[in-house]
Amino acid sequence: MERDVIIIGSGPAGYTAAIYAARANLRPLVLAGYSAGGQLITTTEVENFPGFPEGILGPDLMTAMQKQAERFGAEVIFKDVTAVKFDKRPFQITYEDQTVSAKSVIIATGAAPRKLGLPSEKTLWGHGVTSCATCDGAFYKQKKVAVVGGGDSAMEEAVFLTRFASEVVVVHRRKELRATKIMQDRAKKNPKISWQLGNVVEEVLGNGKVSGLKLKDVDSGRQSELPIDGLFLAIGHIPNSSLFASILKTDKEGYIVVDGKTQTSIPGVFASGDVVDHTFRQAITAAGTGCMAAISAEKFLEHHHG
């Protein structure tokens, strides 16, 4: 059966697109993937999503959004898309051994924070290890935290965290920072920021929650322990766009390029959320662009007679 709209990916962007598309009677099919719910599935408390004065757990927010989309008629399948054909309409989308066709497509595959690749980091993710200072900084009032990274985003996160933390330690594997001079100066002038340059993180320490880092000096090989309460990774994000890289226009970092209204380089294919956004990366902004993509798809179908 040909669908009016197929949404690839879930998370706040995909589920919001599904809610809007379903309420517009577009009978959306959401191919949510095996790890549905995006980055919020690995987040514990979300305190900055409007409407939840006491906060809400990330997985609970995603389950509620999914149920809301299903209430209006969205169909959600927890399978990964393996191939797409966007050369002509209807578009063809393959998951496992099934191919479905769609008059329009919304991509909401998100992005993943670049990680250190340590088993201990994985174990303590969401229990003191995070990649979002805006989301989690307020949990570290008067505590000591570390930021890993040497670029502008690492400096920005470190400076932001000084609003809450008693001390912020920047850990970077090189002796020099990659950040622009203005961002370096801003961080270096801040009395709450200290530096562990030329060091790599060997292990995240902690039992149930982060208690410290095991560091190794890159030149001497000397190991040391740094007691901290939280670890913020600021070494970049990887957009989940590899499936579309040769088909849609992407920027040099792999983010899908859209016009101001979520339209990609192929008419009828829209993109929303963190696969597009390398600036804000918030649940609420992802939800906003999911709404925009659904309305854009609805308008597209009206103009192209469904």
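Scope of the values below: all heavy atoms of this structure, side chains included, with no hydrogens, waters or symmetry mates.
- Note that CG of L231 is 9.5 Å distant from CG of L226, once rounded to the nearest 0.5 Å.
- Counting only distance, with no hydrogens or angles, the side chain of S10 and the backbone of G37 share a donor-acceptor pair below 3.5 Å.
- Connection of I93 to V275 is established within a shared hydrophobic cluster, with ILVMFWY side chains joined at heavy-atom distances below 4.5 Å, either directly or through further cluster members.
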*asked:* Let's go through F244 and I8 carefully: what are the C-alpha distance in whole Å and the side-chain angles of both, what is the deciding distance for side chain to side chain contact (heavy atoms under 4.5 Å, CB included) to 0.1 Å, and is it a yes or a no?
replied: CA-CA 11 Å; F244 317 104; I8 303 173; 4.2 Å; yes
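- The distance between the ring centers of F232 and Y140 falls below 6.0 angstrom.
- Heavy-atom contacts from other residues, nucleotides or ligands closer than 6.0 Å to OH of Y20 number 12 or fewer.
- In this structure, CD in E203 is found 4.5 Å from NZ in K214, a value given to the nearest 0.5 Å.
- Here the closest non-hydrogen pair linking A165 and V145 is CB-CG2, 3.9 Å.
- Residue A146 comes nearest to L213 through the heavy atom pair CB-CD1, 3.9 Å, listed as atom of the first residue, atom of the second, then distance.
- With contacts defined as side-chain heavy-atom distances shorter than 4.5 Å, the pair Q223/E202 qualifies.
- No donor-acceptor pair under 3.5 Å is formed between the side chain of R3 and the backbone N or O of A102.
- For the pair F270 and F300, the minimum side-chain heavy-atom distance is below 4.5 Å.
- Side-chain atoms of D274 never come within 3.5 Å of backbone atoms of D277 as a donor-acceptor pair (strictly under, hydrogens ignored).
- More than 12 heavy atoms of other residues, nucleotides or ligands shown are found within 6.0 angstrom of NZ on K192.
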*With side chain to side chain contact (heavy atoms under 4.5 Å, CB included) as the test, would you mind laying out the steps for V46 and L57 before giving the verdict?*
CA-CA 6 Å; V46 179; L57 293 174; over 6 Å; no
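- Looking at K175 and D219, a side-chain N of the basic residue comes within less than 4.0 Å of a carboxylate O on the acidic one, giving a salt bridge.
- For F91 and F86, the ring centers sit closer than 6.0 Å to each other.
- Hydrophobic clustering, with ILVMFWY side chains joined whenever heavy atoms are under 4.5 angstrom apart, groups V168 together with W195.
- Residues A74 and A18 come closest through the heavy atom pair CB-CB, 4.2 Å.
- Side-chain contact between I193 and T162 is present, with at least one heavy-atom pair separated by less than 4.5 Å.
- Smallest separation of non-hydrogen atoms from S296 and T262: OG-OG1, 3.6 Å.
- Side chain of E157 to backbone of V147: no donor-acceptor contact under 3.5 angstrom is found.
- Side-chain atoms of H172 and E176, non-hydrogen and from C-beta on, never get closer than 4.5 Å to each other.
- Pairing each heavy atom of A111 with each of H237, the nearest pair is CB-CB, 4.4 Å.
- In the model, S194 has a side-chain atom that pairs as donor or acceptor with a side-chain atom of E167 under 3.5 Å.
- Rounded to the nearest 0.5 angstrom, T123 OG1 and L118 CG are separated by 10.0 Å.
- Once rounded to the nearest 0.5 Å, the distance linking CG of N240 with OH of Y255 reads 9.5 Å.
- R222 and D217 are not joined by a salt bridge, as no carboxylate oxygen comes within less than 4.0 angstrom of a charged side-chain nitrogen.
- A donor-acceptor distance shorter than 3.5 angstrom exists from the side chain of D152 to the backbone of T180, with no hydrogens or angles considered.
- L29 and V5 sit in two unconnected hydrophobic clusters of ILVMFWY residues. Membership requires side-chain heavy atoms under 4.5 Å apart, directly or through other members.
- Interatomic distance, H304 NE2 to K103 NZ, rounded to the nearest 0.5 Å: 12.5 Å.
- The backbone N or O of L233 sits nowhere less than 3.5 Å from a side-chain atom of S131 that would complete a donor-acceptor pair.
- Salt bridge status for R186 with E156: absent, with no side-chain N to carboxylate O gap under 4.0 Å.
- N199 contributes no side-chain N or O that, together with a main-chain N or O of R173, makes up a donor-acceptor pair within less than 3.5 Å.
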_Candidate pair Q68 and Y15, rule side chain to side chain contact (heavy atoms under 4.5 Å, CB included), full reasoning_ = CA-CA 8 Å; Q68 193 172 352; Y15 284 141; over 6 Å; no
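- Taking the side chain as every heavy atom from C-beta outward, L40 and P12 approach each other to under 4.5 Å.
- Using a 3.5 Å distance cut-off with no hydrogens or angles, the side chains of T99 and T94 do pair a donor with an acceptor.
- The shortest distance between side-chain heavy atoms of Q282 and C132 falls below 4.5 Å.
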*Under the side chain to side chain contact (heavy atoms under 4.5 Å, CB included) criterion, do I107 and I256 qualify, and how do the steps go?*
CA-CA 9 Å; I107 297 165; I256 295 174; 4.0 Å; yes
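- When the side chains of ILVMFWY residues are joined at heavy-atom separations under 4.5 Å, either directly or via intervening members, V100 and V30 end up in two distinct hydrophobic clusters.
- A salt bridge links D4 to R27: at least one charged side-chain nitrogen sits closer than 4.0 Å to a carboxylate oxygen.
- Of all non-hydrogen atoms in I6 and S101, the two that sit nearest each other are CD1-O, 4.0 Å.
- Remark: N207 CG is loosely packed, at most 12 non-hydrogen atoms of other residues, nucleotides or ligands lying under 6.0 Å away.
- Between the side chain of S241 and the backbone N or O of G254 there is at least one donor-acceptor pair closer than 3.5 Å.
- For T264 (side chain) and A271 (main-chain N/O), no donor-acceptor pair under 3.5 Å exists by modelled atom type.
- Taking CD1 from I56 and CD from E47, the interatomic distance works out to 12.0 Å, rounded to the nearest 0.5 Å.
- No salt bridge links K189 with D185; every basic N to acidic carboxylate O contact stays at or beyond 4.0 Å.
- When side chains are defined from C-beta on, K143 does not count as touching F164, because their heavy atoms never get closer than 4.5 Å.
- Of the possible donor and acceptor atoms, none in the side chain of Q66 sits under 3.5 Å from a partner among the backbone N and O of T63.
- The same ILVMFWY cluster, assembled from side-chain heavy atoms under 4.5 Å apart, contains both F49 and M62.
- Two residues are said to be in side-chain contact when any heavy atoms from C-beta on lie closer than 4.5 Å; V84 and Q92 fail this criterion.
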